[in-house]
Novice: 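Have a look at the structure that comes next, please.
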Number of protein chains: 2
Amino acid sequence: MADTGTSDDTREKILRSALRLFTTQGFHATPTAQISRGAGVSTGALFHHFTDKATLTSEVYLAIKREMAADLREGDDMALPVRKRITGGIRRYIEWGVSHPEERAFLNLFYHSPNICDAVKDRTYADFRWLHDLCAEAVAEGVIRDVPHPVLFTVIVRTADGIVDLAAAVPPGTAREEVVDAGLAVIWHGIGAEGPG
Amino acid sequence: MADTGTSDDTREKILRSALRLFTTQGFHATPTAQISRGAGVSTGALFHHFTDKATLTSEVYLAIKREMAADLREGDDMALPVRKRITGGIRRYIEWGVSHPEERAFLNLFYHSPNICDAVKDRTYADFRWLHDLCAEAVAEGVIRDVPHPVLFTVIVRTADGIVDLAAAVPPGTAREEVVDAGLAVIWHGIGAEGPG
DNA sequence: GTCTATAATAAGATAGAC
DNA sequence: GTCTATCTTATTATAGAC
């Protein structure tokens, strides 16, 4: 068990180095040699752990998505009413984005890149399925207005993404909380069946 | 005047070829040789019209932004009440996105790319200034709730971007109109001071 | 499992003829 | 203003020692 520690460490260091360089330079502008150098290992070690550069890129993506999905779900309390669960989910989504700027930049980069295999994107859909179900539940309960689900989900996620960028550009504390609260208020005015909250 | 036509044509063909290839392959994955080949000209001609690849990329961006800004402003009727002008502006924004998929893909790609000079992005801000002013006017008139301007503008644009993606994925006609109308309803519920509309 | 050295290829940009 | 040919450099990935 202690022996495999070194190998896993190398793998992790390569993933972290790739994340940092991809987000500051882009995929194709980042040579594999620079990634391995940033990780403190050799080119040979990189290609021992990852078959090629595309695989390494996908692995970075999958690792981030898995971590993000776990963080989001961990904070969910199923005992709470649906509206509070959704608000909490959006808040955690925003907090995660603000506190993970490199991961967020990578996801944006990856998402808008051409020629990135959709199969890779689809592999993470299941981890977020419960959020879709939660929204459907809210609509069924009359907590959310009867908006077509794709429109509903898109509005929530896109708006939250925008709030993340705004919140990250503002100093932590009251100013940041005000941005998040204002964003949440607009979202709930937009989708909520009742008054604001 | 007729003599310069050939040269301008070459320039335009290079810009169009670059747009198509960048959106399907990405910036760094697209060799300049392929761009010139796609335009039906030689590498030499490309570097005669653009000093380097980065300049060509920026020129594609600026041309798209200029065209988009002109289309948006052209449809504006200053005689209309503020709310109708904003609704019309969002509708034209969505329509432009749906009918310009390559341009939209390029803007997304460019916007999320690292190392793209902010100075280039800033050069187009003035063309959209009137939209910011229009929103501020709506807040001053009490047509839009008193939401901090960055939050307000972000919510509108991000939601509209999401609606473009949804609308583009649906066949034109009733289905598409329903998506757009549903999106606009959510936006106005979110930001409007009065009832829905 | 990690290293150094290198093979094989492809990139951006230029030179000089026409 | 456009072409062909090419220079220079950088890239991904592999080979083989340790």
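All values derive from a computational prediction rather than experimental measurement. Below, read A as the first sequence line, B as the second, and so on, with proteins coming before strands; counting in each chain starts at 1. Atom set for the values below is all heavy atoms of this structure, side chains included, hydrogens, waters and symmetry mates excluded.
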Novice: Do B:S17 and B:L21 have side-chain heavy atoms sitting under 4.5 Å apart?
Specialist: yes
Novice: Taking only residues two or more places apart in sequence, or in another chain, which ones meet B:D133 in a side-chain hydrogen bond (donor to acceptor under 3.5 Å, both in side chains)?
Specialist: B:R129
Novice: If the condition is salt bridge (charged side-chain N to carboxylate O under 4.0 Å, His left out), which residues does B:D181 pass it with, not counting sequence neighbours?
Specialist: B:R91
Novice: With sequence neighbours excluded, what pairs up with B:E95 under the side-chain hydrogen bond (donor to acceptor under 3.5 Å, both in side chains) test?
Specialist: none
Novice: Quick test of your reading: applying ring pair (Phe, Tyr, Trp, His ring centres under 6.0 Å), list the pairs with at least one residue in residues 130-166 of chain A, sequence neighbours left out, ordered by first then second residue.
Specialist: A:Y125-A:H132, A:H132-A:H149, A:H132-A:F153, A:H149-A:F153
Novice: Applying salt bridge (charged side-chain N to carboxylate O under 4.0 Å, His left out), name anything that partners A:R20, two or more places apart in sequence or on another chain.
Specialist: none
Novice: Name all pairs fulfilling the side-chain hydrogen bond (donor to acceptor under 3.5 Å, both in side chains) condition that reach into residues 101-110 of chain B, sequence neighbours left out, sorted by first residue then second.
Specialist: B:R104-B:D165
Novice: Under the rule for side-chain hydrogen bond (donor to acceptor under 3.5 Å, both in side chains), what residues qualify as partners of A:H28, not counting sequence neighbours?
Specialist: none
Novice: Mind listing the residues from residues 41-54 of chain B sitting with a heavy atom below 4.0 Å of DNA chain C? Number order is fine.
Specialist: B:T43, B:F47, B:D52, B:K53
Novice: Give every donor-acceptor pair under 3.5 Å between a side-chain atom in residues 47-54 of chain B and any protein atom, sequence neighbours left out.
Specialist:
from  : atom 1 : to    : atom 2 : distance (Å)
B:T51 : OG1    : B:T55 : OG1    : 3.0
B:D52 : OD1    : B:A54 : N      : 3.4
B:D52 : OD1    : B:T55 : N      : 2.9
B:D52 : OD1    : B:T55 : OG1    : 2.7
B:K53 : NZ     : B:F27 : O      : 2.9
B:K53 : NZ     : B:T30 : O      : 2.8

Novice: What are the 5'-most and 3'-most nucleotides of DNA chain C lying under 4.0 Å from any heavy atom of chain B?
Specialist: C:dA11 to C:dT14
Novice: Where along residues 18-33 of chain B does a heavy atom come under 4.0 Å from DNA chain D, residue by residue in number order?
Specialist: none
Novice: Sequence neighbours left out, what passes side-chain hydrogen bond (donor to acceptor under 3.5 Å, both in side chains) with A:T154? Give chain and number order.
Specialist: none
